[in-house]
Amino acid sequence: QVQLVESGGGLVQAGGSLRLACAASGRTFSTYAMGWFRQAPGKEREFVAAVTRGGGNTDFADSVKGRCTISRDIAKNTVYLQMNSLKPEDTAVYYCAADSRNPWRVGVSRGEYDYWGQGTQVTVSS
């Protein structure tokens, strides 16, 4: 079992940056693949980024590719999503997720993740 707590969301102007953090409880954090998803009002939750257990492989949604990076700090049990050049369409609740079943691949589907955080709101003003 792992618990995930997101932080770092807020209100930012278009073109600005935010770094989201997801702190995980438990000693098994390093054995999970980690992902970020987001959900805008009235829309489905969608994939944003993911990183494998060892941090060696990452993947990004086309909508954020080139503007976001994902990283993990094993010592701090934390995964980060750095978002730059933010756009109003990036406005959403951002969720952190952990995949314990296939940690060596980057999952892009919600069903691949078995643990979820409560989310953090990101609002980008134009």
Side-chain angles (χ1 to χ4, degrees):
Q1 189 83 12
V2 63
Q3 291 184 326
L4 306 173
V5 179
E6 302 94 336
S7 62
L11 174 64
V12 63
Q13 288 188 332
S17 298
L18 281 176
R19 187 176 78 157
L20 306 183
C22 172
S25 64
R27 292 179 292 176
T28 55
F29 168 75
S30 63
T31 67
Y32 299 153
M34 301 297 295
W36 286 95
F37 288 73
R38 68 186 181 186
Q39 188 167 16
K43 295 189 177 181
E44 294 289 318
R45 192 172 300 188
E46 64 176 7
F47 169 75
V48 177
V51 60
T52 53
R53 167 178 170 170
N57 290 317
T58 60
D59 197 8
F60 299 89
D62 289 342
S63 58
V64 303
K65 202 166 290 184
R67 300 189 294 121
C68 289
T69 58
I70 185 170
S71 60
R72 60 192 305 164
D73 186 331
I74 300 302
K76 295 183 178 180
N77 274 12
T78 300
V79 62
Y80 301 98
L81 181 69
Q82 176 69 44
M83 302 189 295
N84 302 319
S85 301
L86 284 162
K87 306 174 182 180
E89 51 263 44
D90 293 318
T91 295
V93 177
Y94 283 71
Y95 297 90
C96 173
D99 176 5
S100 66
R101 293 166 292 184
N102 297 286
W104 295 111
R105 64 184 300 271
V106 280
V108 300
S109 301
R110 291 168 52 185
E112 297 178 85
Y113 293 85
D114 38 5
Y115 300 104
W116 291 84
Q118 293 301 305
T120 185
Q121 175 71 47
V122 172
T123 303
V124 184
S125 64
S126 58

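Worth knowing before you read on, the calculation uses all heavy atoms, side chains too, and leaves out hydrogens, waters and symmetry mates. Residues: numbered from 1 along the sequence shown.
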Any link between W36 and L18 through a network of hydrophobic side chains (Ile, Leu, Val, Met, Phe, Trp, Tyr) touching at under 4.5 Å?
yes
For residues I74 and Y115: do they belong to one hydrophobic cluster (side chain heavy atoms under 4.5 Å, members Ile, Leu, Val, Met, Phe, Trp, Tyr)?
yes
Atom pair [atom1]/[atom2] of [X] and [Y] - distance to nearest 0.5 Å:
| X | Y | atom1 | atom2 | answer |
| --- | --- | --- | --- | --- |
| Y32 | R72 | OH | CZ | 10.5 Å |
| E6 | C96 | CD | SG | 5.5 Å |
| T78 | L20 | OG1 | CG | 12.5 Å |
| N57 | T52 | CG | OG1 | 4.5 Å |
| S126 | E89 | OG | CD | 10.0 Å |

Check: [Y] main-chain N/O paired with [X] side-chain donor or acceptor under 3.5 Å:
| X | Y | result |
| --- | --- | --- |
| S63 | A61 | no |
| S85 | G15 | no |
| R67 | Q82 | no |
| N102 | R105 | no |

Check whether Y80 forms a cation-pi arrangement with R19 (NZ or CZ under 6.0 Å from the six-membered ring centre, at most 45° off the ring normal).
yes
Report yes or no: is the cationic atom of R101 (NZ for Lys, CZ for Arg) closer than 6.0 Å to the six-membered ring centre of Y113, at no more than 45° off its axis?
no
Member of V122, T120, V64 meeting the side chain to side chain contact (heavy atoms under 4.5 Å, CB included) criterion with R38
V64
Measure the shortest side-chain to side-chain distance between [X] and [Y] over non-hydrogen atoms and say whether it is less than 4.5 angstrom.
| X | Y | result |
| --- | --- | --- |
| C68 | N84 | no |
| L86 | Q13 | no |
| Q3 | W116 | no |
| Y94 | Q39 | no |
| F60 | V48 | no |
| F47 | D59 | yes |
| Q121 | T91 | yes |
| V51 | V79 | yes |

More than 12 heavy atoms of other residues, nucleotides or ligands under 6.0 Å from CD of Q118: yes or no?
no
I'd like to know whether NZ of K65 has more than 12 heavy-atom contacts from other residues, nucleotides or ligands below 6.0 angstrom.
yes
Write down the atom of [X], the atom of [Y], and the distance for their closest heavy-atom approach.
| X | Y | result |
| --- | --- | --- |
| P88 | A14 | CD-CB, 4.1 Å |
| F37 | V108 | CE2-O, 3.9 Å |
| W104 | G54 | CZ3-N, 3.8 Å |
| A50 | G107 | CB-O, 3.7 Å |
| A24 | L4 | CB-CD2, 3.6 Å |
| Y95 | G117 | CD2-O, 3.6 Å |

Using the rule given for side-chain contact (heavy atoms from CB on, under 4.5 Å), can you reason through M34 versus S71, listing the C-alpha separation, both sets of side-chain angles and the distance that settles it, and then say yes or no?
CA-CA 9 Å; M34 301 297 295; S71 60; over 6 Å; no
K87 bridged to D90 by N-O distance under 4.0 Å:
no
Just do the salt bridge (Lys or Arg N to Asp or Glu O under 4.0 Å) check on R110 and E44 with the steps written out, would you?
CA-CA 10 Å; R110 291 168 52 185; E44 294 289 318; 3.6 Å; yes
Under a 3.5 Å cutoff, is there a donor and acceptor pairing between the side chains of S100 and D114?
yes
Report the C-alpha separation of D99 and R53 in whole Å, then their side-chain angles, then the decisive distance to 0.1 Å, and conclude whether the salt bridge (Lys or Arg N to Asp or Glu O under 4.0 Å) test is met.
CA-CA 9 Å; D99 176 5; R53 167 178 170 170; over 6 Å; no
